[in-house]
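Just so we're clear, the structure is a prediction, and the values are computed from it rather than from any experiment. Protein chains get the first letters and strands the later ones, always in sequence-line order, with residue 1 at the start of each. Side chains are part of it too, since the values below use all heavy atoms of this structure and drop only hydrogens, waters and symmetry mates.
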Amino acid sequence: MSLKLVRGTRDIYEKENDHFRKIITLFKNVSERYGYKEISTPIIEYSEVFEKTLGESSDVVSKEMYKFQDRSGNNLTLRPEGTAGIARAFISGKMKNQLPIRFLYYGPMFRYERPQKGRFRQFNQIGIELLGISDYQADVEVIALGYHILKDLGLNDKISLLINSLGDLESREKYKKELISYLNNYKNELSDESLIRLDKNPLRILDSKNKNDIKILENAPNFLNYLNDNSKFFFDKTCKGLENLDIPFTIETNLVRGFDYYCHTAFEFVTNELGAQNAIIAGGRYDGLISSMGGDDTPGIGWAGGLERLGLLIPEVDDLKRPVCLLSINNSSDNLISKLAYELRNSGFIVSVIRGGNISKSINKSNKINSKYVVIVGEEELKSGLFPVKDLDSSKQNNIKLGEICNFLKGLENDRSK
RNA sequence: GCGGGUGUAGCUCAGUUGGUUAGAGCGCCAGUUUGUGGUACUGGAUGUCGUCGGUUCAAAUCCGAUCACUCGCCCCA
């Protein structure tokens with residue numbers, strides 16, 4: 001039997017899980033203040049849910065999906081991202097009369113990519129979607145929410161916001177034509193990658209990292225000049241909306257999203273602390289998505305953030321809540337200890353029972369699990385009915401009657417929080 | 001998918017031009033201290049040297065393959 005981990009997957013232990021939980025808790029907490037409600041969709045969907053929405057030419061669909069057939073021959077895919085599944089849920093759940101609707105979600109996603117720092121084959125995303133508002137206010141709200149979360153995580157000075165407009169369909173088609181005709185002059189100089197894109201998805205050439213491509217693009221027509229009045233108005237208003245909230249941003253005209261369903265606003269919160277994996281939160285507007293899946297025409301905008309990447313950026317913080325250790329020096333005290341532990345746990349304490357060994361060792365073990373208080377239960381205590389309750393920080397110790405230990409500890413905790 | 005680097009104890013890493021029984025620090029366990037912890041001192045345990053194969057009298061060391069991690073490309077969260 002192989003004990004190896006599947007490539008790009010990993011086991012996550014207590015500390016990291018605590019760390020993730022903190023991010024998720026903060027994410028949910030802030031998002032709920034903006035009116036977002038949690039939705040959980042399945043991890044598997046029919047493959048076409050992703051293929052038709054993300055675009056056949058996108059990297060994710062063309063080479064990164066975990067596709068398989070189940071025993072009935074259904075073509076299924078482990079979700080590579082969250083938006084398509086939520087759009088599907090919105091349509092199949094017949095939620096159109098509840099618009100506008102705000103979703104928050106988090107969970108594992110799967111992409112068959114080469115693993116790197118901050119990049120895994122199974123990874124976790126947090127994300128939000130806002131459906132049913134075609135107005136730029138939705139874009140401002142969604143970006144502000146992302147900024148709010150990053151700010152509360154203390155990442156202000158580590159991230160920057162890049163924003164661009166992909167315009168509406170009309171603007172995009174017009175620009176695409178201009179860009180193609182410009183790039184056609186450089187056909188023999190463009191990178192192979194970009195040449196393929198020239199046919200399939202020319203806008204993606206804009207974010208090519210190839211040096212020569214970048215040079216060619218310097219004189220290429222600028223997307224922002226091809227926005228029609230409607231698109232220009234939309235983009236201006238969005239930017240003004242961000243300024244109104246004092247959210248700093250940079251217009252990045254070469255920012256293009258990898259999925260077909262985006263239009264108008266595209267944005268990324270990026271960092272330079274994670275090497276090639278610089279996008280922490282990224283998203284945009286996808287007005288055509290739901291109609292393309294067979295639903296009524298419904299505008300939408302959202303973003304997704306990488307939990308692992310966020311985790312790499314924020315420091316781990318020790319738990320404030322420290323356990324109480326009950327030291328069992330004598331086996332005949334088992335019942336007494338389990339009852340005391342039960343009572344303390346009912347009162348909200350984290351309780352750890354340490355059995356056997358001498359007192360030195362037991363206190364030592366208590367220290368190692370970051371315990372604040374220990375209660376010693378040994379021969380003498382069973383006789384006298386008085387139990388030493390010791391504060392390991394101050395080394396102060398009081399002898400307390402069994403029935404009063406819980407209240408005594410509560411009192412100490414209250415004093416401490418004052 | 002392409003290119004570079006790395007892989008030795010739980011962790012961080014040494015290990016000479018191939019040469020006996022593979023090392024250090026931290027951590028862990030025990031003792032000093034049989035009812036009171038963090039410090040100190042003393043002692044101890046722990047390795048398929050990533051895996052498989054090859055060269056050699058002899059491989060952690062050289063060669064090949066493979067796996068994983070890592071950095072860059074690509075792409076993305």
Side-chain angles (χ1 to χ4, degrees), chain A residues 2-10 13 23 54 57-64 79-83 106-127 146 150 159 191-194 196-197 201 204 207-211 213 255-259 267-271 274-283 302-313 325 327 329-330 354 357-384 387-397:
Chain A
S2 170
L3 300 177
K4 282 183 183 168
L5 281 162
V6 172
R7 188 168 199 200
T9 67
R10 62 218 185 86
Y13 298 105
I23 299 170
L54 303 181
S57 68
S58 71
D59 282 46
V60 169
V61 170
S62 60
K63 56 187 190 196
E64 295 175 0
R79 64 181 184 194
E81 58 94 50
T83 303
Y106 59 92
M109 307 292 165
F110 303 83
R111 288 182 203 171
Y112 192 87
E113 294 184 277
R114 177 124 181 200
Q116 262 181 48
K117 182 175 188 155
R119 190 166 87 187
F120 307 92
R121 289 186 171 180
Q122 175 176 340
F123 59 102
N124 292 283
Q125 284 190 338
I126 57 175
L150 292 171
I159 52 102
S191 64
D192 294 348
E193 191 81 16
S194 292
I196 295 169
R197 287 181 175 159
N201 197 345
R204 287 278 306 285
D207 66 357
S208 169
K209 278 15 172 230
N210 181 290
K211 274 183 192 156
D213 287 357
L255 175 67
V256 183
R257 311 264 64 228
F259 303 144
F267 61 92
E268 283 182 3
F269 289 94
V270 296
T271 178
L274 296 181
Q277 281 63 247
N278 65 349
I280 303 303
I281 284 182
W303 53 250
L307 196 52
E308 283 82 359
R309 291 182 188 179
L310 286 164
L312 288 169
L313 291 181
C325 282
L327 311 187
I329 311 299
N330 183 313
I354 295 175
N358 56 40
I359 290 195
S360 301
K361 276 184 202 166
S362 298
I363 294 185
N364 214 332
K365 279 181 191 164
S366 307
N367 271 318
K368 283 187 184 132
I369 58 174
N370 191 32
S371 176
K372 166 82 171 157
Y373 303 106
V374 297
V375 180
I376 299 168
V377 182
E379 297 281 357
E380 292 172 19
E381 288 75 15
L382 292 173
K383 277 181 205 152
S384 68
F387 298 84
V389 175
K390 181 165 186 173
D391 180 324
L392 292 177
D393 290 349
S394 66
S395 297
K396 279 182 192 155
Q397 169 170 329

What is the separation between atom [atom1] on [X] and atom [atom2] on [N], rounded to the nearest whole Å?
X: A/Arg119; N: B/C74; atom1: CZ; atom2: P; value: 11 Å
X: A/Leu307; N: B/A77; atom1: CG; atom2: C1'; value: 10 Å
X: A/Leu312; N: B/U70; atom1: CG; atom2: P; value: 10 Å
X: A/Lys365; N: B/C28; atom1: NZ; atom2: C1'; value: 12 Å
X: A/Glu113; N: B/C73; atom1: CD; atom2: C1'; value: 13 Å
X: A/Gln116; N: B/A68; atom1: CD; atom2: P; value: 14 Å
X: A/Leu327; N: B/G35; atom1: CG; atom2: P; value: 13 Å
X: A/Leu255; N: B/A77; atom1: CG; atom2: C1'; value: 14 Å

Work out how far the [atom1] atom of [N] is from that of [M], and round it to whole angstrom.
N: B/U6; M: B/C76; atom1: C1'; value: 25 Å
N: B/G54; M: B/A68; atom1: C1'; value: 22 Å
N: B/A45; M: B/G50; atom1: C1'; value: 24 Å
N: B/G47; M: B/A60; atom1: C1'; value: 11 Å
N: B/A30; M: B/U21; atom1: C1'; value: 25 Å
N: B/C13; M: B/C71; atom1: P; value: 14 Å
N: B/U39; M: B/C29; atom1: P; value: 12 Å
N: B/G15; M: B/U61; atom1: P; value: 15 Å

Quick check: do A/Ile281 and A/Ile159 have side-chain heavy atoms less than 4.5 Å from each other?
no
Of the non-hydrogen atoms in [X] and [Y], which two are nearest, and what is the gap between them?
X: A/Phe123; Y: A/Phe110; answer: CE2-N, 4.2 Å
X: A/Gln125; Y: A/Ala304; answer: OE1-CB, 3.6 Å
X: A/Glu268; Y: A/Ala282; answer: CG-CB, 3.6 Å
X: A/Pro80; Y: A/Met109; answer: O-CB, 3.9 Å
X: A/Ile376; Y: A/Glu381; answer: O-CG, 3.4 Å
X: A/Arg121; Y: A/Glu113; answer: NE-O, 2.7 Å

Heavy atoms only, 4.0 Å cut-off, all strands: where does [X] land among base, sugar-phosphate and nothing?
X: A/Glu268; answer: nothing
X: A/Phe120; answer: base
X: A/Gly82; answer: nothing
X: A/Gly127; answer: nothing
X: A/Asn278; answer: base

Between A/Glu308 and A/Arg10, is a side chain to side chain contact (heavy atoms under 4.5 Å, CB included) present by the stated rule, with each step listed?
CA-CA 12 Å; A/Glu308 283 82 359; A/Arg10 62 218 185 86; 3.4 Å; yes
Distance from A/Trp303 atom CH2 to A/Ile126 atom CD1, nearest 0.5 Å?
4.5 Å
Going from CD on A/Gln397 to CZ on A/Phe387, what distance comes out if it is rounded to the nearest 0.5 angstrom?
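Output value for this atom pair is 13.5 Å.
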Secondary-structure stems for RNA chain B, with pairs counted as Watson-Crick or G-U when both distances are under 3.5 Å and runs at least 3 long
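For RNA chain B the paired stretches long enough to count as stems (3 pairs minimum) are B:1-7 with B:67-73, B:10-13 with B:23-26, B:28-32 with B:40-44, B:50-54 with B:62-66.
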Detail all sub-3.5 Å separations between protein N/O atoms and N/O atoms belonging to nucleotides 45-48 of chain B.
none

Tell me, please, which residues at least two apart from A/Ser366 pass side chain to side chain contact (heavy atoms under 4.5 Å, CB included).
A/Cys325, A/Leu327, A/Ile354, A/Ser371, A/Val374, A/Leu392
Residue pair A/Ile369, A/Lys365: steps toward the side chain to side chain contact (heavy atoms under 4.5 Å, CB included) verdict
CA-CA 7 Å; A/Ile369 58 174; A/Lys365 279 181 191 164; over 6 Å; no
Enumerate the protein-to-nucleotides 7-11 of chain B contacts in which both atoms are nitrogen or oxygen and the separation is below 3.5 Å.
none

Please confirm whether any donor atom in the side chain of A/Arg309 sits under 3.5 Å from an acceptor in the base of B/C76, or the reverse.
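Such a pair is found, so the answer is yes.
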Ignoring hydrogens and angles, answer whether the base of B/G3 and the side-chain atoms of A/Arg114 contain a donor-acceptor pair closer than 3.5 Å.
yes
Nearest to side-chain heavy atoms of A/Lys368, which nucleotide of B/C71, B/C29, B/C76:
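Of the candidates, B/C29 comes closest.
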Check nucleotides 65-67 of chain B against the protein and report each pair of N or O atoms closer than 3.5 Å, with its distance, or say if there are none.
unit_1 : atom_1 : unit_2 : atom_2 : d
B/C67  : O2'    : A/Lys4 : NZ     : 3.3

So A/Asn358 and A/Ile329, side chain to side chain contact (heavy atoms under 4.5 Å, CB included) or not? Walk me through it.
CA-CA 7 Å; A/Asn358 56 40; A/Ile329 311 299; over 6 Å; no
For the pair A/Arg119 (side chain) and A/Arg309 (backbone), establish whether a donor and an acceptor sit closer than 3.5 Å, ignoring hydrogens and angles.
no
Within the side chain of A/Thr9, is there an N or O that forms a donor-acceptor pair under 3.5 Å with the backbone of A/Leu5?
no
A/Leu307 vs A/Tyr106, side chain to side chain contact (heavy atoms under 4.5 Å, CB included): CA-CA, chis, key distance, verdict
CA-CA 9 Å; A/Leu307 196 52; A/Tyr106 59 92; over 6 Å; no
Polar atom pairs (N or O), protein with nucleotides 36-39 of chain B, under 3.5 Å:
unit_1 : atom_1 : unit_2   : atom_2 : d
B/U36  : O2     : A/Lys390 : NZ     : 3.1
B/U36  : N3     : A/Gln397 : OE1    : 3.1
B/U36  : N3     : A/Gln397 : NE2    : 3.3
B/U36  : O4     : A/Gln397 : NE2    : 2.8
B/G37  : O2'    : A/Asn367 : ND2    : 3.1
B/G37  : N7     : A/Lys390 : NZ     : 3.4
B/G37  : O6     : A/Ser395 : OG     : 2.3
B/G37  : N1     : A/Leu392 : O      : 2.4
B/G37  : N2     : A/Asn367 : OD1    : 2.6
B/G37  : N2     : A/Leu392 : O      : 2.9
B/G37  : N3     : A/Asn367 : OD1    : 3.4
B/G37  : N3     : A/Asn367 : ND2    : 2.7
B/G38  : O6     : A/Ser395 : OG     : 2.9
B/G38  : N1     : A/Leu392 : O      : 3.2

